[in-house]
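Letters A, B, ... are given to chains in the order of the sequence lines, protein chains preceding strands, and every chain is numbered from 1. Excluded from the calculations below are hydrogen atoms, water molecules and symmetry mates; all remaining heavy atoms, backbone and side chain alike, are included. The structure displayed is predicted, hence computed values, not measured ones.
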Amino acid sequence: MKNELLEILAKNCRLTNSQIAVMLGVEEKEVAEMIKELEENNIILGYPALIDWEKTDNDTVTAYIEVRVTPQRGRGFDKVAERIYQYPQVTHLSLMSGDYDLFVTVEGKSMKEVALFVAEKLAPIESVLSTSTHFVLKKYKEKGVIFEQKYKDNREAVVL
Amino acid sequence: MNIKKMLCRHITAVPPSGIRKYFDLINEMEDVISLGIGEPDFVTPWNIREEGIYSLEKGYTNYSSNAGAIELRREICRYMERRFNLKYSPEEEVLVTVGGSEAIDLAIRALATIGDEVIIPEPSFVAYKGCTLFAGATPVSLRLKSENEFRLKREDLEKVITGKTKVLILAYPNNPTGAIMQYDDYADIVDFLEDKEIMIISDELYAELTYEGQHVSIANFDQMKDRTIVINGFSKAFAMTGWRIGFVCAHRDIMEQMKKIHQYAVMCAPTTAQYAAIEALKNSDDEVADMVKEYNRRRRLVLNGFRGIGLDCFEPKGAFYVFPDIRKTGMTSDEFCERLLMEEKVLMVPGNAFGECGEGFVRATYATSTENLTEAIKRTGRFLSRI
């Protein structure tokens, strides 16, 4: 039941508790309780909207940065990860398997701003060995949603 | 020459569909929320579409064998056994058709003609009656009752059986009512039919869209299997309406006759669709389950919404339709649908389009987005509070 609730919220978190309750066939109170519990247990961490900033006058540049680091004794990668994710410019950070260690997403107002952030903040961190910056030119799909596609009902009227 | 006089009487006697006029109306209107179209709003899952594309790239553009590609027929048999516990031979008992619709036509024509009666429990999908008339046979309407949640009851069947009855049509999960039949419901019917020489056509296109318990077919009863033609397909469960592909399973003696009609009328089902269908059966269980889950949420939303605005509505447990009772508004189904469309721009289909006994009801489909459904309920509520 909780998983189904999460599936519904992951798709559209603006549904009201009473709508969700009806969809799941349970009482509204139960939905409220489940959500509260999921929030308290840090399973639901937030309800951000998915925005195509390209269509706004808010200029945002996104870069994906591969970072190689030396793990620290006793703390592994966590310490350096913490140093990096504290920056508000960093919107995403994952530890990776393969050729590099950390995958960092950085957002800024211009390519220059992002490049400076990498040069002045990220690269100089003590255990960082190297960085490789890739700027995003166009986003096609994020979190299962295709950006350039507006749902349009193309069904024609047929007798059935 | 008066061309009209030259036309076949079997065909001209069939009136045009009553739903047409609404479709003509909405073509000229903006912002209509249509709860009128009986087809999934989902696009065919990508893996299935891609397989169709690959088959074209590889140049598979020839006819398949008349009965359908043997690989597909084998997958169909595996599927029917895995999902519905029905065993058929891929070589002799399966035919791939141009949608479930062709299968309905084949089944009726293989069994019934002038002098034969075909029992059609109504409200029902519009094709059964038409195909029966085209075959020269006589359709006999059986009125299903809303107090029985539109299930077929033995006593209703007893009343319409005559010496001429040849075929009984069953269609559960049902379009337009959303009704289902469970094992016990069938047991009564089977008991009654056992010693009678009556064939059954069971249209199970909506089998996957069963929201309570498991889908049951009358062919699951051993004594009925040989005399039941089971129709199923890909349109509803796999959201493949436009591909035009379905199938029919039946005893080899019936199959031989259906194949004759099929091979002369259409040769074979579209090859591209057949390759896509193989992928659908092999690798799409998760996609189907996700769609069913989504339909079920919408079903609850609509049922609750309609009841909330004062529409009487029995709980539909299959397909993707609700069939609310609008009699207490004092309007006929036609008036209700026309006013709702003109005043609030919501399209529902009048129940009498599915047989006379559908009068007093309307059909609404929840094969549309949650946002559309919520808005449609709101508008319908506004409409009801005004009248």
B:Thr370, part contacting chain A, at a heavy-atom distance under 4.5 Å: side chain
Pick one: which of B:Tyr295, B:Phe320, B:Tyr211, B:Phe125 meets ring pair (Phe, Tyr, Trp, His ring centres under 6.0 Å) with B:Tyr206? B:Phe320
Checking the side chain of B:Thr210 only, and the main-chain atoms of B:Glu212 only, is there a donor and an acceptor separated by less than 3.5 Å? no
When every non-hydrogen atom of B:Ala237 is compared with those of B:Glu208, the smallest separation belongs to CB-CG, 3.5 Å
If one checks every heavy atom of A:Leu15 against chain B at 4.5 Å, the contacting part turns out to be side chain
If one checks every heavy atom of B:Pro40 against chain A at 4.5 Å, the contacting part turns out to be backbone
Side chain, backbone, both or neither: which part of B:Ser101 has a heavy atom under 4.5 Å from chain A? neither
Less than 4.5 Å to any heavy atom of chain B: does that hold for the side chain of A:Glu4, its backbone, both, or neither? both
Look at A:Lys11 together with B:Glu294 and state whether they make a salt bridge at an N to O cut-off of under 4.0 Å. yes
For the side chain of B:Arg363 and the backbone of B:Tyr321, is there at least one donor-acceptor N/O pair under 3.5 Å apart? no
